[in-house]
Amino acid sequence: MKATLDHIGIAVGDIAQALAFYRDALGLEVEAPEDVVSQRVRAHFVPVGAAALELLEATAADSAIAKFIDRRGPGLHHVTLRVDDIRAALAQLTARGVRLVDSQPRPGAEGALVAFIHPSAAHGVLIELKQAPVRVTLEVKSMPFGDLQLTALHDGPFRLDGGAMFGVVPRPLWEKLAPPDDRNRIQLAMRPLLIEAPWGRMIVDCGAGDKMGEKQRDIYALDRTRTLDHALAEVGLSADRIDVVLPTHLHFDHFGGATVRDNGRLRPRFPAARHYIRSAEWEDATHPHERNRASYLQDDFVPLDGAADVQFFDGDVTIRPGIDVARTGGHTGQHQIVFVKSAGKTAVFVADLIPTIAHLQDPWVMGYDLFPMETLAFKRRFIREAIDQDYLIFFEHDPHVAAGYIRERNGKRHVEQVL
Ligand SMILES: [Zn+2]
């Protein structure tokens with residue numbers, strides 16, 4: 001197997017004294033600490049070249065690090081080797097009779113997979129194997145499409161509960177496609193679509209925006225270092241140059257970016273845009289019930305009423321030449337997808353109908369969906385059509401694949417990535 005030194009873990013009794021040495025005396029840079037709640041440990045990473053030192057501080061008396069220090073005093077705790085395929089590595093070790101602490105990988109910090117080899121097998125050293133976590137590709141990807149220019153923007157990464165993302169599918173099946181972190185969350189992207197056309201510029205969905213408080217940001221692992229504003233700037237645009245805003249539905253991860261808080265006041269993010277909203281979706285969003293209240297955040301859309309140009313509509317309509325919406329229902333009562341047609345070709349922004357490429361099988365429907373059987377019926381029909389008619393599919397939440405073609409071979413589906 002190919003392995004790279006990832007980091008060396010050092011159990012530390014007194015973090016202030018340890019920082020006085022590693023940070024102040026050695027002059028090394030120490031990153032902001034990370035709490036690994038499940039291990040009751042706080043980790044302080046100290047990058048040294050391609051690898052790092054990890055200063056480990058116990059946060060509770062029953063933490064493994066506290067016990068280690070009680071027994072042996074502070075010092076070298078473990079060596080972590082990074083491997084590409086942790087399951088293959090464990091299988092190879094098992095076949096050779098190596099004693100393992102973990103025969104199966106378990107979730108580490110930030111979605112990494114880890115497993116420990118017993119120190120008795122490694123000549124007194126605790127060795128941790130680690131498969132690097134899935135990171136969202138925060139790249140703005142663009143392509144011409146007939147007379148149009150289509151750009152997959154992004155509004156940073158976030159995480160949602162893995163169980164809720166895959167509904168009735170058991171974890172052993174989905175965790176190989178979407179490894180959960182130590183809080184059972186999987187890595188997702190928010191990728192609004194920019195359509196540049198002779199008639200103007202349209203944005204389909206607009207990410208979560210920046211109104212969430214500390215607690216919500218933590219729950220959803222919102223990292224706001226690279227957002228929609230950065231993505232728009234990369235293509236030479238800003239929010240005030242968008243002519244049309246078209247949400248697929250009004251959940252916060254799709255429409256939170258429609259308003260901004262400015263000195264405590266909420267205002268439209270896209271001041272020059274006409275916002276096209278299904279009347280029935282507006283009705284549902286402004287009258288939430290216990291099941292959808294956490295997803296419909298009133299500050300995302302209510303402030304638009306009166307302050308922005310909002311065009312309400314009913315049914316499946318043409319928004320602009322070649323841009324049609326189709327109600328799927330399922331995820332929300334009025335969830336819709338967007339068909340983009342130009343020069344005889346069709347692209348479809350499928351939003352939460354097929355949130356990631358791990359959702360290609362018909363019954364892999366989200367637990368979040370209010371009407372899962374409706375999702376299943378629409379999805380079954382739609383994917384057949386997408387394969388047969390060669391639709392280019394835009395995946396809003398997939399961490400890596402912004403767009404591609406769904407292909408089928410011997411009944412098995414995969415995506416041929418385009419963006
Ligand atoms: Zn979503």
Side-chain angles (χ1 to χ4, degrees), residues 134 136-138 152-167 169 174 177-178 180 184-193 203-212 216-217 219-224 227-228 231 245-259 277-278 281 284-285 288 291-297 299-301 325-338 348-360 364-372 374-376 378-379 382 393-403:
V134 177
V136 166
T137 315
L138 292 181
L153 301 165
H154 68 76
D155 191 36
F158 77 128
R159 289 176 180 272
L160 290 175
D161 186 86
M165 280 303 291
F166 291 101
V169 180
W174 59 256
L177 303 176
N184 207 49
R185 303 170 302 181
I186 63 165
Q187 185 67 72
L188 297 166
M190 286 178 281
R191 235 185 252 111
L193 173 66
I203 193 169
V204 181
D205 284 353
C206 49
D210 282 297
K211 300 188 301 297
M212 279 200 173
Q216 257 67 30
R217 281 189 195 205
I219 288 174
Y220 299 117
L222 281 173
D223 173 353
R224 305 302 297 162
T227 67
L228 184 62
V245 177
L246 176 61
T248 57
H249 59 302
L250 302 184
H251 280 173
F252 73 82
D253 53 323
H254 299 258
F255 204 54
T259 59
I277 299 177
R278 251 175 213 269
E281 174 70 8
D284 289 347
R291 178 72 199 279
N292 60 16
R293 187 157 299 168
S295 301
Y296 282 133
L297 308 183
D299 285 353
D300 293 347
F301 40 84
V325 292
R327 174 186 167 275
T328 67
H331 183 59
T332 68
Q334 302 296 323
H335 178 273
Q336 61 187 358
I337 58 177
V338 181
V348 189
F349 185 85
V350 294
D352 283 335
L353 179 68
I354 316 171
T356 76
I357 63 165
H359 292 83
L360 291 183
W364 289 46
V365 168
M366 291 194 281
Y368 290 113
D369 289 12
L370 291 183
F371 312 101
E374 223 175 76
T375 307
L376 177 62
F378 194 98
K379 188 177 166 185
F382 174 78
I393 305 297
F394 280 80
F395 298 98
E396 187 168 14
H397 290 315
D398 193 274
H400 300 304
V401 180

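Just so it is clear, the model here is predicted, and its values are computed rather than measured. Atoms within each ligand, like the ligands themselves, are counted from 1 in listed order. Just so you know, these numbers use all the heavy atoms, side chains as well, and skip hydrogens, waters and symmetry mates.
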Please tell me whether His251 and His331 form a close aromatic pair, meaning their ring centres lie under 6.0 Å apart. yes
Point-to-point distance, once rounded to the nearest 0.5 Å, from CG of Leu353 to NE2 of His335: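 Here the interatomic distance stands at 6.5 Å.
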Please determine if Glu374 and Arg327 form a salt bridge, counting it only when a charged side-chain N lies under 4.0 Å from a carboxylate O.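 Counted as a salt bridge, because a side-chain N and a carboxylate O are separated by less than 4.0 Å.
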Metal proximity, [X] vs the Zn ion (ligand 1), N/O/S cut-off 2.8 Å:
| X | result |
| --- | --- |
| His331 | no |
| His251 | no |
| Asp352 | yes |

Measure from the Zn ion (ligand 1) to every N/O/S atom of His397 and report the name of the nearest one. NE2
Report the atom name of the nearest N/O/S atom of Asp253 relative to the Zn ion (ligand 1). OD2
Whether Gln336 side chain and Pro247 backbone form a donor-acceptor pair below 3.5 Å: yes
side-chain hydrogen bond (donor to acceptor under 3.5 Å, both in side chains), that's the test. Do His397 and Thr356 meet it? Break it down for me. CA-CA 6 Å; His397 290 315; Thr356 76; over 6 Å; no
